[in-house]
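Chain letters run A, B, ... following the sequence lines, proteins first and then strands; every chain starts at 1. Just so it is clear, the structure is predicted and the values come from calculations on it, not from any experiment.
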Amino acid sequence: MSEIEPSAQAQAHDADQSAFRYNAAMAQTIEDKWQRIWDEQGTFWAANVEGELTDGEGRHADGRRPFFAMDMFPYPSGKGLHVGHPLGYLASDVVSRYHRMKGENVLHAMGYDAFGLPAEQYAVKTGQHPRVTTEQNIANMRRQLHRMGLSFDDRRSFATIEPGYVRWTQWIFSRIFDAWYDPDKRNPSGSMGCARPIGELVEQFRSGERAIDGHEGRAWDDLSEAEQADVLNEYRLAYISKSPVNWCPGLGTVLANEEVTAEGRSERGNYPVFQRELRQWSMRITAYGHRLIEDLDTIDWPEKVKLMQRNWIGESHGASVHFQVRVGDGMEDMEIYTTRPDTLFGTTFCVVSPEHPLLLQVPERWPEGVPEQWTGGYATPIEAVAAYRMTAEAKTAADRVNDAGEKTGLFTGLYAVNPITGAELPVFTADYVLMDYGTGAIMAVPGGDQRDYDFAAKYGLPVVYTVEPLPGSDDTLANYEGNAPFVSHDGVVVNSSVDATWARGDALDINGMRVDEAIAAVTAWLEQAQVGRGTVSYRLRDWLFSRQRYWGEPFPIVYDDEGVPHLVPDSMLPINLPEVPDYSPKTFDPEDAQSNPEAPLSRNEDWVEVTLDLGDGPKRYHRETNTMPNWAGSCWYYMRYLDPHDTEHMVERDEYDYWMGPDHNPTAGESGGVDLYIGGVEHAVLHLLYSRFWHKILFDLGYVDSSEPFHKLFNQGMIQAWAYTDDRGEYVQADEVEEGAADAFGEPTFTWHGRHVNREFGKMGKSLKNIVTPDDMYDDYGADTFRLYEMSMGPLDESRPWNTRNVVGGMRFLQRLWRNAVDETTGEVTVSDEAPDDKTLKLLNNTIAEVTVEMEAMRPNTAIAKLIVLNNHLTGLERVPRAAIEPLILMVSPIAPHIAEELWSRLGHDRSLAHHPWPQADERYVGQDVVTAVVQIKGKVRAKLEVSPDIDPDELERMALEAVADRLGGVPPRKVIVKAPKIVSVVPGN
RNA sequence: GCCCCCAUGGCGAAAUCGGUAGACGCAUUCGACUUAAAAUCGAACGCUGCGGCGUGUGGGUUCGAGUCCCACUGGGGGCACCA
């Protein structure tokens, strides 16, 4: 191995006496050298069970314990990295290096999530093909990450845009399209509900085991192909529907619910989003709602993220109830959803959403004596409903949010019959009822619901209270009547009995019951009377899966002349993106709600129109021109690291079982999955929910044998930064700001080129002029110091401000470490082979024990503090013993690997320390000879005693009382608590 | 509005099970070395009237509270007409 010669720059900087000093220039030389050696020797290659992927020494896994540590892979934007980005990558690298030293077979790799909107927008802006700009960005990002010394197995890197990857993304889509969800079948983990191949559903239809929806009485084979396709579409896990979706004219695409902000605007670009009824692809994630909640209990994730997923899925238990609606001379069925079936006696009207199909059947005339406010002044219900639908559709989601609380709506001219009481209830349409939650229709109970109360107050509808406060509480119904609903579950049912129910003619009386009891009683009655049943609703919507974009995965779908979708056979995958004359999206005036989406892929007719043989001879088809959302690639990428070059499988079965199967690793739990997944909390309900969903489908279908993709999730904090504005509010260059004396209020003041500036706190960004890049760090300190600083800033999962001024502390630590082994003037190794003294042995072994605990718990900040203490001790010794500094170097190596490798090699080792066993503490030297025992009187420290750690409690009590005798003034203590050997707490007698 | 999380010196933080609050680092100050400076090494470093007081504020539980409980203040995050 080549000897490091100090660079000319380093020599000039440090003059003659410290030519071998560890400084920025030396660090860079060392880092280049070791990064090259690691690459050449395949130091970080992870070994597969079989195949071409062996470790650097040509070995397969051979039963070694696996550890799969993964980062949320980056989106290769053109902006490059700042020091805030790699915090998670550094954390996972430290963990990976530590686990390698524990002898585990560590899989750590990095891919690139390269489809998506920003890449496309950047390409449009620069006039280059997105593939060109994306690949440039990937190359740049790869260089920046490599320079940090991250221990990736680079053979396993890939980008989601590569045809070899797209092929399997499309293959997974095909499996999802070709599957349905059977709620009555157990899945492989034993709970109810399982995805099954669509062929098994067809078999049920064909055999008559299952009735064919909408075609009862007909044989499956008598249905036309288009009719069959329509039936199956209602079951497929990937399906086409015409339903209200988020249409964003400013971006020219539809968006998933998760991509729309609370303000009702697009998460990207912040454009208005409109509810439009459009024909789009969806994925039936709602079928998995319960399992996605339930299985959170099997994984080791931050409670915060689990809670966000539970809230997002929003499971609510209630009942659906069939109301009869008078239409003309007949009756139509209207199904409503309620969580409070106990309040059926208190419903005084019904509301359907503006998109509800019942509105197609409104009468031609208003009934007699309808108030003008109900009709909105329209001559007929048909006109009123049409007009209301128009205004509702034109509303952006943002308008809906702003109007929340302000109720609007119109009477439909229809009346529904309460199935229990037989009361005739006017049916309104109002946009506070949403078509895609529950059944899109509600029974309004103004006495028990704030929204219904508001609506009733505005339209002069009666209010009936059916629950009153518990007897014995201070509260009475009188406190509510005339001004508010009683919404609490804590109450007793009143006003709720009939002698003969309308639907069934039996008596029903729930008066006096508590709410929970009453819910159960009414639900049971509904089921017996066959007018309703207990149901579960989800806030979660099905996942809108198509986008009007060029830069995404094409669907493996073609349509025949009748518009029936067909899968493109697996053998024809991947379907690559065609060259089109213009790949930019067709965007519109952001406010133009009536515009229509147009997919860029439809611009290439040669690609769209295609002749294929799908098994029944060559026929003409046209391709699906929408593309998949950019979440598709990230839904399954973790599996591809295991087996990145496989052309036969998404992932080879044996490799999956070894790396991610639930039996492979005692720490991965019953769910199996990635051992450690590090990333930002911003993906809590997007990527992490979609990934779990896809994974569960693949699990149900038998392609993978762990029920969850990621066993342990860790969210790293955000690195924030100070920014400074001048008196005009313009940002000034943050690194040119100087701190001045505190002002009259003790607040610090800041100046920029002599002018006063204000400090604010937030993100790091170009526009805030406070960017610090990793390259700045390499130039001034080197990658090891940069790594050390980021790891020592504080707990990994908390956000904190970046402060370049503090980085020098890490540099000094590494310099002292270096100086403890190498003479700065001569470059000679100075360690001694003599045995360490007793004090050094104690400190060394205690440090090993403590640092091991910190590393296991992912607390590099406290590990570093303890390493510094040991190093500072060695600095004070006459000669530094080899037996002390070698374990120190090993413990430093996960955090500052380059300097550790260099010192290790200078100390005479000819192999990399990357796989050297982690130091073991010698138990004989762990613990203390003397401990300080504290004597407290009423919790205040009054004396300290140096005692043996295994002192007898009675002896300690005697010593303690003697030590504080003068404070007790001869009065015997009332109570003495002894926690030997650390605390004696005395309660004085007076 | 509902739900969740956080608050410790001048600064980043530590105290992991209720047991000496402030480890470690930055900044600052003093000293040694030096013609001088840098670097390095050593020391001091919560406040204080030297009695004490101190972990956002007020209460509580306990021999003992940064840690547990209640109420509040400030900051951050999630959801938001979900029947």
How far, in whole Å, is B/U48 from B/C53 if one measures between their C1' atoms?
7 Å

In whole Å, what is the span from the OH atom of A/Tyr789 to the P atom of B/C24?
18 Å

Reading RNA chain B from 5' onward, which residue's closest nucleotide shows up sooner: A/Thr932 or A/Ile977?
A/Thr932

Expected label for B/C26 (glycosidic angle, syn inside 90° of 0, else anti) would be anti

Base, sugar-phosphate, or nothing: which does A/Ser316 touch, judged by heavy atoms less than 4.0 Å apart?
sugar-phosphate

Exercise: identify the closest heavy-atom pair between A/Asn418 and A/Phe323
CA-CE2, 3.9 Å

Taking OP1 and OP2 of B/G25, is either one under 4.0 Å from a side-chain nitrogen or oxygen of A/Asn872?
yes

Nucleotide nearest A/Tyr337 (side chain, heavy atoms from C-beta), chosen from B/A83, B/G19, B/C26:
B/A83

If pairing requires Watson-Crick or G-U wobble contacts with both distances under 3.5 Å, which nucleotide is the partner of B/U67?
none

Quick one: does any side-chain atom of A/Gln309 pair with a main-chain N or O of A/Ala684 as donor and acceptor, under 3.5 Å?
yes

Looking only at B/A27, B/G19, B/C63, the nucleotide nearest the A/Arg812 side chain is B/A27

Considering every strand and a 4.0 Å limit on heavy-atom distances, what is the contact class for A/Ile983: base, sugar-phosphate, or nothing?
base

Could you check how far CG of A/Leu425 sits from P of B/A83, rounded to whole Å?
20 Å

Pairwise C1' distance, B/C11 and B/C45 [rounded to whole Å]
14 Å

Between A/Leu307 and A/Asn803, which residue's closest nucleotide on RNA chain B lies nearer the 5′ terminus?
A/Leu307

Could you tell me if the side chain of A/Leu87 sits less than 4.5 Å from the side chain of A/Met791, heavy atoms only?
yes

Would you kindly give the CD-to-P distance between A/Glu682 and B/G76, to the nearest whole Å?
18 Å

Can you check the distance between B/G59 and B/U67, where both ends of the measurement are the P atom (answer in whole Å)?
15 Å

Taking O4'-C1'-N9-C4 for purines and O4'-C1'-N1-C2 for pyrimidines, is B/G60 syn (within 90° of 0) or anti?
anti

G-U wobble or Watson-Crick pairing nucleotide for B/G18 (cut-off 3.5 Å, both distances):
none

What nucleotide among B/U40, B/C53, B/G19 has an atom nearest to a side-chain atom of A/Lys979?
B/G19

Ignoring backbone atoms, establish whether A/Arg340 has a side-chain N or O less than 4.0 Å from OP1 or OP2 of B/A83.
no

Measure from the side chain of A/Ala865, starting at C-beta and using heavy atoms only, and say which of B/A14, B/A23, B/C41 lies closest.
B/A23

Looking only at atom C1', what distance separates B/U57 and B/G66, rounded to whole Å?
15 Å

Atom CZ of A/Arg819 to atom C1' of B/C41: distance rounded to whole Å?
9 Å

Base, sugar-phosphate alone, or nothing: which one does A/Arg541 contact when heavy atoms must sit under 4.0 Å apart?
base

How would you label the contact of A/Lys944 with the nucleic acid (heavy atoms, under 4.0 Å): base, sugar-phosphate, or nothing?
base

Does the pair A/Glu850/A/Arg859 count as a salt bridge with the N-to-O cut at 4.0 Å?
no

Side-chain contact check for A/Arg942: nearest option of B/C26, B/C24, B/G52 is B/G52

May I ask you to test the A/His873-A/Leu877 pair for a side-chain heavy-atom distance under 4.5 Å?
yes

Any strand: nucleotide that pairs with B/C72 via Watson-Crick or wobble, under 3.5 Å
B/G56

Given atom CG of A/Asn871 and atom P of B/C24, what is their separation to the nearest angstrom?
13 Å

Can you check the A/Met718 CE to B/C6 C1' distance for me, whole Å?
14 Å

Below 4.0 angstrom from OP1 or OP2 of B/A13, is there any side-chain N or O of A/Ser792?
no

Side chain of A/Tyr388, backbone of A/Asp431: donor and acceptor closer than 3.5 Å?
yes

Rounding to an integer number of angstrom, what distance separates B/G49 and B/A36 when you compare their C1' atoms?
43 Å

Among the nucleotides B/C26, B/C79, B/A83, whichever has the atom closest to the side chain of A/Asn806 is B/C26

Would a line drawn from the ring center of A/Phe349 to the ring center of A/Tyr459 be shorter than 6.0 Å?
no

Between B/G46 and B/U35 - C1' atom distance, rounded Å:
40 Å

Candidates B/G12, B/C63, B/C41 - which lies nearest the side chain of A/Pro801:
B/G12

Measuring centre to centre across the rings, with the benzene-like ring taken for any Trp, is A/Tyr789 within less than 6.0 Å of A/Tyr781?
no

G-U wobble or Watson-Crick pairing nucleotide for B/C79 (cut-off 3.5 Å, both distances):
B/G1

Using the P atom in both, what is the distance from B/G64 to B/G19, to the nearest Å?
14 Å

Hey, is the side chain of A/Lys407 pairing donor to acceptor with the base of B/C81 inside 3.5 Å?
yes

Closest approach to the side chain of A/Asn861, judged atom by atom: which nucleotide of B/A14, B/C26, B/U20 is it?
B/A14

Figure out the CD1/P separation between A/Ile442 and B/A83, and round it to whole Å.
11 Å

I want to check one thing: is the phosphate of B/U40, taken as OP1 and OP2, less than 4.0 Å away from some side-chain N or O of A/Gln815?
yes

Does the structure show a Watson-Crick or G-U wobble partner for B/G25, both distances under 3.5 Å? Name it, or say none.
B/C11

Can you tell me how far P of B/G76 sits from CE of A/Met308, to the nearest Å?
17 Å

State which of B/C26, B/C63, B/A80 makes the closest approach to the side chain of A/Arg539.
B/A80

Could you label the plane-to-plane angle of the A/Trp818 and A/Tyr22 rings as parallel, tilted or perpendicular, counting under 30° as parallel and over 60° as perpendicular?
tilted

Any idea if B/G51 is syn or anti, going by the 90°-from-0 cut?
syn

Of the listed B/C63, B/U40, B/A27, the closest approach to the A/Lys975 side chain comes from B/C63

B/C68 versus B/A7 - spacing of their P atoms, nearest Å
10 Å

